[in-house]
S.K.: 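This is the structure, below, for whatever I ask next.
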Amino acid sequence: MKQIKIIFFIGFALMSLTNLAQKKQLPPIIDRELFFGDPEITGAQLSPDGKFISFIKTYKGTRNIWVKKTNEDFKKAKPVSADTLRPISNYFWSRNGKYILYSQDKGGDENFNLYAIDPNEALKKGQDVPTSKDLTNLKGVRVYIYELPLNDPDIIYIGLNDRDKAWHDLYKLKISTGEKTLIYKNLETDRITGWIFDWDGNLRLATRSNQDGSNDILRVEKNGFEKIYSTNSFESSDPYIFDKDNKKIYIVTNKGDDINFSQLILLDPITKKEEFVEKDPLNKVDLNSLNFSEKTKSIISTIYNDSRRRIYWKDKRFENDYKMIQKSFPNDDISFFSSNFDENLWLFNVSSDINPGSVYLFDRTTKKTTFQYSPRPKIPIKNLAKMNSISYKSSDGMEIPAFLVLPKGVDKKNLPLIVVPHGGPWSRIYWGYGGLPQFLANRGYAVLLPNFRGSSGYGKKFIDAGNNEWGQKMQDDITWGVKYLVNQGIADPKRVGIMGGSYGGYATLAGVTFTPDTYAAAVSIVGPSNLNTLLNSIPPYWESIRKVFYLRMGDPTTPEGKEQLVRQSPLTHANKIKTPLMVVQGANDPRVNKAESDQIVVALRDRGFPVSYILAPDEGHGFARPVNNMAMYAEAEKFLAKHLNGRYQASMTPEVEKRLKEITVDVSTVTLK
């Protein structure tokens with residue numbers, strides 16, 4: 001990976017002596033390439049027989065799949081794919097290890113095809129990698145992957161929406177030949193959203209989304225379906241996996257008026273009898289995830305996340321292995337993520353708030369741990385900033401959990417602050433390493449990461465408190481976080497910025513329209529500006545959750561709902577913006593269409609207010625290509641430094657400089673369709 005020489009800045013003209021003193025205490029500027037460039041190695045997986053390790057590494061300028069023998073050095077690895085247009089991020093081995101499969105779209109349009117590679121293919125003259133065979137070979141179609149049955153390693157069950165863009169039909173796909181067999185035609189009246197197979201590869205259950213936003217779990221019968229479990233539009237039920245006897249299904253659910261936090265139950269699909277298994281012992285958060293053994297067909301552990309991750313072990317041998325490893329990494333998170341079929345070899349990752357991760361191989365037979373790689377080994381961990389868990393009260397007294405990253409080496413007083421609202425909004429921020437917060441902290445900013453109401457993981461009441469509150473109480477949760485840090489003396493009220501993507505981009509636009517005096521700079525990345533046009537242009541394959549959007553955001557099909565969405569749309573209040581704004585968009589974004597950014601840019605341009613616009617023609621909902629990310633962040637940090645009196649890295653590679661010019665839009669040329 002090409003490296004840029006790290007530039008050390010002594011200070012900037014026109015800075016106050018106080019700020020200059022603070023700058024001298026900050027660690028040296030860390031090259032943005034180390035944060036946002038291609039990782040040296042990432043995404044490792046063990047082959048089913050444990051003889052090989054696959055991973056992702058740059059080849060011909062783009063992230064591709066490589067393979068090496070498990071006991072070999074990574075320098076002896078060979079590439080097995082050669083995509084030069086878009087990084088490969090998702091791949092997996094077939095059950096017998098004969099193939100490596102991956103999904104890929106075109107320019108971020110999220111229409112994924114499924115590809116297969118035989119890593120042992122004999123290469124012909126002039127051929128540098130094995131053939132990537134397109135198994136689905138369809139245009140404008142999004143492939144879903146449902147199941148890789150253990151009992152038939154040449155089969156994969158997939159969903160295709162080639163017949164109806166809104167609904168995926170179920171197919172059995174033969175990997176070796178690409179032959180597809182239709183199993184079930186998913187009609188508009190069926191509204192099937194998923195399929196669940198048992199340990200023997202038998203299709204047993206399906207999930208259905210109803211027009212009113214409620215959901216059902218169905219038992220698959222020869223002549224149709226039998227409803228066995230139902231939740232309303234504000235409840236969730238996730239059928240996870242069958243028990244080892246193939247009789248009952250584990251479900252993570254928060255069904256019931258008296259149930260707040262999601263919990264684990266066992267459901268008998270025949271008798272419909274429910275059996276409680278577990279909920280958070282501390283009664284603070286939802287059940288986050290299960291770790292399951294395919295060898296014993298039983299639960300290894302359950303995981304809960306609040307300020308830090310908590311693991312509850314069900315398998316004593318795994319627990320003993322974990323505790324043995326933990327002695328070497330007492331303050332880090334340890335995550336087992338890939339094993340061979342016998343589960344005697346495991347890859348695990350060690351990471352923390354200031355450690356982007358290191359991967360090790362663990363032999364459970366010999367108890368030997370062997371270092372494999374670090375994805376970003378050149379990041380100077382000693383110069384990174386700690387991530388602190390905080391909470392504060394919002395406008396109505398609701399307690400808001402958040403994380404705060406404070407720049408290293410300076411007094412924690414009167415700092416420039418950047419708020420980074422997460423996307424979703426039905427997701428959340430977790431404790432751990434984050435490239436963007438560390439990048440901003442290194443530039444001298446305090447970074448606030450709020451889990452505003454509507455965020456997931458904190459119970460049904462907390463997420464429901466965000467219903468119909470876009471730009472209102474959800475935004476208050478962000479604004480009151482700024483007030484809290486100002487009142488604590490941590491943040492300088494005149495140097496507050498906001499920056500986010502997707503819903504975080506919306507919150508950025510809402511921040512500069514609904515509270516125009518709060519922020520001195522703003523960067524909106526793929527952020528919706530008009531909630532009515534957003535909801536009218538959601539991808540067709542989101543039809544199953546359209547009603548939930550209407551219930552949680554506002555219903556554009558009713559006069560009252562449409563009026564509410566107009567009121568909550570930043571575009572409606574664009575005339576109030578007085579904060580310098582930078583807008584970032586992917587031209588092929590199927591979730592937040594390009595028109596969302598075009599509209600706010602044109603509104604500001606037409607009133608003579610300056611606005612910066614970055615538009616990548618080869619990206620979708622967020623940037624995947626490092627050169628685009630590098631160009632965006634180079635411009636963003638310069639923009640933030642200008643308006644918040646921070647510091648930035650002025651240098652960039654010729655490639656990034658060229659790309660930045662290519663994707664910077666002359667706003668006078670933007671037109672609305």
S.K.: So which atom in Ile145 and which in Leu114 form the shortest heavy-atom distance, rounded to 0.1 Å?
M.R.: CD1-CD1, 4.0 Å

S.K.: Any sub-3.5 Å donor-acceptor pair from Arg86's side-chain atoms to Asp105's backbone N or O?
M.R.: no

S.K.: If only atom types and distance count, is the side chain of Trp431 paired as donor or acceptor with the main-chain N or O of Ser389 below 3.5 Å?
M.R.: no

S.K.: Within a reach of under 6.0 Å around NZ of Lys98, are more than 12 heavy atoms found that belong to other residues, nucleotides or ligands?
M.R.: no

S.K.: With the side chain counted from C-beta on, respond yes when Leu640 and Met499 share a heavy-atom pair under 4.5 Å apart, and no when they do not.
M.R.: yes

S.K.: May I ask you to test the Ile354-Lys386 pair for a side-chain heavy-atom distance under 4.5 Å?
M.R.: yes

S.K.: Does NZ or CZ of Lys284 lie under 6.0 Å from the centre of the six-membered ring of Phe261, at an angle within 45° of the ring axis?
M.R.: no

S.K.: Examine Trp66 together with Tyr59 and report whether their ring centres are nearer than 6.0 Å.
M.R.: yes

S.K.: Going through the distances and angles, do Leu148 and Phe92 end up as a side chain to side chain contact (heavy atoms under 4.5 Å, CB included)?
M.R.: CA-CA 10 Å; Leu148 279 80; Phe92 52 93; 3.7 Å; yes

S.K.: In plain terms, say whether Arg376 and Glu40 are close enough for a salt bridge, that is, a side-chain N and a carboxylate O under 4.0 Å apart.
M.R.: no

S.K.: Of the options Lys368, Arg364, Lys316, which is the one that meets Asp321 in a salt bridge (Lys or Arg N to Asp or Glu O under 4.0 Å)?
M.R.: Arg364

S.K.: Does any N or O in the side chain of Gln45 come within less than 3.5 Å of the main-chain N or O of Gly43, such that one atom is a donor and the other an acceptor?
M.R.: no

S.K.: Do Tyr322 and Trp313 have ring centroids that are under 6.0 Å from one another?
M.R.: yes

S.K.: Answer yes or no: is there an ion pair linking Asp198 with Arg204, defined by an N-O contact shorter than 4.0 Å?
M.R.: yes

S.K.: Is the Phe452-Tyr503 ring centre distance short of 6.0 angstrom?
M.R.: yes

S.K.: Closest heavy-atom contact between Ser394 and Trp480?
M.R.: C-CD1, 3.7 Å

S.K.: Would you say that more than 12 heavy atoms from the other residues, nucleotides or ligands in this model lie under 6.0 Å from the NZ of Lys367, or not?
M.R.: yes

S.K.: Would you sort out whether Thr231 and Asn215 count as a side-chain hydrogen bond (donor to acceptor under 3.5 Å, both in side chains), showing the intermediate values?
M.R.: CA-CA 5 Å; Thr231 50; Asn215 293 276; 4.5 Å; no

S.K.: Is the backbone of Pro28 close enough, under 3.5 Å, to the side chain of Asn442 for a donor and an acceptor to pair up by distance?
M.R.: yes

S.K.: Go through it in stages, so that I can follow the logic: the residues are Asn291 and Phe336, the test is side chain to side chain contact (heavy atoms under 4.5 Å, CB included), and I'd like the CA-CA distance, side-chain angles, deciding distance and then a yes or no.
M.R.: CA-CA 9 Å; Asn291 289 321; Phe336 290 85; over 6 Å; no

S.K.: Between Tyr633 and Phe35, does the ring centroid distance fall short of 6.0 Å?
M.R.: no

S.K.: For Arg310, check salt bridge (Lys or Arg N to Asp or Glu O under 4.0 Å) against everything at least two apart and list the hits.
M.R.: Asp280, Asp306

S.K.: For a ring-ring contact (aromatic ring centres under 6.0 Å, His included) with Phe318, tell me which candidate from Trp346, Phe348, Phe292, Tyr312 qualifies.
M.R.: Trp346

S.K.: Would you call Arg443-Glu637 a salt bridge at under 4.0 Å N-O?
M.R.: yes

S.K.: Can you find a heavy atom in the side chain of Leu448 that is under 4.5 Å from one in the side chain of Tyr484?
M.R.: no

S.K.: Any ion pair linking Asp333 and Arg308 (charged N to carboxylate O, less than 4.0 Å)?
M.R.: yes

S.K.: Has the side chain of Thr58 got a donor or acceptor atom that lies under 3.5 Å from a matching backbone atom of Arg63?
M.R.: no

S.K.: With the side chain counted from C-beta on, respond yes when Glu274 and Leu267 share a heavy-atom pair under 4.5 Å apart, and no when they do not.
M.R.: yes

S.K.: Quick check against the 3.5 Å criterion: does Trp199 have a side-chain atom that pairs as donor or acceptor with the backbone of Glu294?
M.R.: no

S.K.: With a 4.5 Å cut-off on side-chain heavy atoms, are Phe234 and Ile463 touching?
M.R.: no

S.K.: Can you establish whether the number of heavy atoms outside Lys460 located under 6.0 Å from its atom NZ is more than 12?
M.R.: yes

S.K.: Between Lys408 and Ala385 (side chain of the first, backbone of the second, donor and acceptor by atom type, cut-off under 3.5 Å), is there such a pair?
M.R.: no

S.K.: Under the 3.5 angstrom rule, does the side chain of Asp286 hit a backbone N or O of Gly459 as a donor-acceptor pair?
M.R.: yes

S.K.: Could you go through the side-chain hydrogen bond (donor to acceptor under 3.5 Å, both in side chains) check for Ser81 and Tyr115 one step at a time?
M.R.: CA-CA 10 Å; Ser81 72; Tyr115 297 82; over 6 Å; no

S.K.: How far apart are the C-alpha atoms of Ser358 and Ser374, what are their side-chain angles, what is the distance that settles it, and do they pass the side-chain hydrogen bond (donor to acceptor under 3.5 Å, both in side chains) test?
M.R.: CA-CA 4 Å; Ser358 295; Ser374 294; 2.8 Å; yes

S.K.: Kindly indicate whether the side chain of Leu205, heavy atoms from C-beta on, has any atom under 4.5 Å from the side chain of Pro269.
M.R.: yes

S.K.: List the steps, then state whether side chain to side chain contact (heavy atoms under 4.5 Å, CB included) holds for Leu415 with Leu485.
M.R.: CA-CA 10 Å; Leu415 294 167; Leu485 294 178; over 6 Å; no

S.K.: Above 12 or not: heavy atoms from other molecules or residues under 6.0 Å from NZ of Lys461?
M.R.: no

S.K.: Write down the atom of Leu347, the atom of Ile53, and the distance for their closest heavy-atom approach.
M.R.: CD2-CD1, 4.3 Å

S.K.: Give a yes or no on whether the ring-centroid distance for Phe55 and Tyr373 is below 6.0 angstrom.
M.R.: no

S.K.: Check whether any side-chain heavy atom of Leu449 lies under 4.5 Å from a side-chain heavy atom of Met387, and answer yes or no.
M.R.: yes

S.K.: So, are Lys273 and Asp268 salt-bridged, with charged N and O less than 4.0 Å apart?
M.R.: no

S.K.: Take the angle between the ring planes of Phe36 and Phe439 and call it parallel below 30°, perpendicular above 60°, tilted in between.
M.R.: perpendicular

S.K.: Would Glu343 and Arg317 count as a salt bridge (Lys or Arg N to Asp or Glu O under 4.0 Å) if you check the C-alpha gap in whole Å, the side-chain angles of each, and the deciding distance to 0.1 Å?
M.R.: CA-CA 12 Å; Glu343 296 183 356; Arg317 286 188 60 227; over 6 Å; no

S.K.: Output, in order, the C-alpha distance, side-chain angles, deciding distance and verdict of side-chain hydrogen bond (donor to acceptor under 3.5 Å, both in side chains) for Ser237 and Tyr229.
M.R.: CA-CA 9 Å; Ser237 57; Tyr229 195 83; over 6 Å; no

S.K.: Between the main-chain N or O of Asp200 and the side-chain N or O of Asn151, is there a donor-acceptor pair closer than 3.5 Å?
M.R.: yes

S.K.: Go through it in stages, so that I can follow the logic: the residues are Met632 and Ile525, the test is side chain to side chain contact (heavy atoms under 4.5 Å, CB included), and I'd like the CA-CA distance, side-chain angles, deciding distance and then a yes or no.
M.R.: CA-CA 10 Å; Met632 174 185 68; Ile525 304 169; 4.1 Å; yes

S.K.: Would you confirm whether Thr70, through its side chain, and Phe52, through its main-chain N or O, come within 3.5 Å as a donor-acceptor pair?
M.R.: yes

